[in-house]
Amino acid sequence: MLKGKKILIGVCGGIAAYKICELVRELQRENATVRTVLTPGATQFISPLTFESLTGVPAPVDLFKPFLSEIEHIELATWPDLYVIAPATATSIAKFASGIADNLVTATFLATRKDVLIIPAMNTGMWENPATQKNVSLLRKRHISVVEPEYGLMASQLEGKGVGRLPDQPIIVSHIYRKLWQKKELAGVNVTITAGCTREKIDPVRFISNQSSGKMGFALAEVAAAMGANITLIHGPTHLKPPTDVNIVAVETANEMFLATKDNYPTNGILIGAAAVSDFRPDVISEKKIKKENAASVIPLKQNPDILFELKELRKQSVHIGFALETNDEIAYAAKKIASKGLDFIVVNNPSEKGAGFSVNTNKAKILFPDGTIVDLPLMKKIELAVEILKKAMIIHANL
Ligand code: C5P
């Protein structure tokens, strides 16, 4: 996903510095070339040797003792496609805002003309302090991206929960994607995505559902956002964190998902049905918890609306994409779905294939077109499959 991209990470002196090792690894797994530069404070938390071992190049710290070139901060400032500062401490943010260049991280910041992404992490009081908030807003006014830190358990157990945590790695990676994908192929295009499972209540505590995690739909939203689309992500119950800058509609039942999708229909855009919608719901929802003694052995069901099928009728100059999850005869079943739901293509997967399925991060899919063409894709990350799907959707959309 980040093939050929050069990412410089400026590590500042916060406890979250240790999390940057895994970030380096993840970016390398995405085929980026990563280098690091540390503030003297960062070395109190983590050794430059750790980063040197991970990246295979020096992790410079000292402004006055260049490792690689005579004028290190200028070389560092011109080398990357993106300069990520993580964790960015309150002090470093203050220095960025006021133009102080007293170490390699801050001097590189001041010198660079490349895109910068600042990812703060600090104690809640420090983050909420008006001085920090003023510095952050000053940087944002200068069009420098500063990611909001997250709420959660802070480093010191005594602090408990608060705002100031370094965002989880997938969130950081998604911000990096968005920065580096400058070609906004879907700029201004409305994309509506359904994701995850739905829940159909039997009584106040029980429901019918399925194992869909929502990962595929969320990956599609992530990639569509990086491509510049206007996204509405309509999702059922999930533990996943929604991507930023996406219109999120959280629903529970298939009916709610249907109504939300209809309300957010992407006229002249792209509709992707990645949700595993419950086909049936209990005919009657018991108001009280059903007691074992009174339970019937059969729960009468009625059919839920088929979202893609219903919206086929309302289709307005848009691309419609569906998913098919089959354990056998997948192509034959998928072909029937293309016809009945009026799809431009369908993504077919079989959860019993190794690496495919509900909660994993990878998928093995075939893409089937109405004319019978099949694109058999290798095992890949769901985020990579999302790119394949959106690129195909984009071509069809361009030819509408
Ligand atoms: O018919 P089947 O459920 O296998 O079709 C799967 C495709 O149809 C997926 O794209 C899914 O999101 C969509 N679907 C739907 N509404 C339903 C059931 C499935 O939009 N009630």
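Counting convention: from 1, in listed order, for ligands and their atoms alike. Given the structure is predicted, the values throughout are model-derived calculations rather than measurements.
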Taken to the nearest 0.5 Å, the spacing of I15 CD1 from N123 CG works out to 13.0 Å
For a quick check under 3.5 Å, do T373 and D371 share a side-chain donor-acceptor pair by atom type?
yes
Residues 217-241 side chain polar contacts: donor-acceptor under 3.5 Å, at least two apart:
residue : atom : partner : partner atom : Å
E222    : OE2  : S174    : OG           : 3.0
E222    : OE2  : R178    : NH2          : 3.1
N230    : ND2  : G188    : O            : 3.4
N230    : ND2  : N190    : OD1          : 3.1
T232    : OG1  : N247    : ND2          : 3.1
T238    : OG1  : S213    : O            : 2.9
T238    : OG1  : L240    : N            : 3.0
K241    : NZ   : E150    : OE1          : 2.9
K241    : NZ   : D168    : OD2          : 2.9

In chain-and-number order, ligand 1 lies under 4.0 Å from a heavy atom of each of G273, A275, V277, D279, P305, D306, I307, L308, G322, F323, K337, K341
So side-chain hydrogen bond (donor to acceptor under 3.5 Å, both in side chains) across residues 292-301, not counting sequence neighbours, yields none
Output side-chain donor-acceptor pairs under 3.5 Å for residues 40-48, partner residues at least two apart or in another chain, one line each.
residue : atom : partner : partner atom : Å
T43     : OG1  : P40     : O            : 2.5
S47     : OG   : L49     : N            : 2.9

Interatomic distance, CD1@I7 vs CD1@I176, rounded to 0.5 Å, equals 5.0 Å
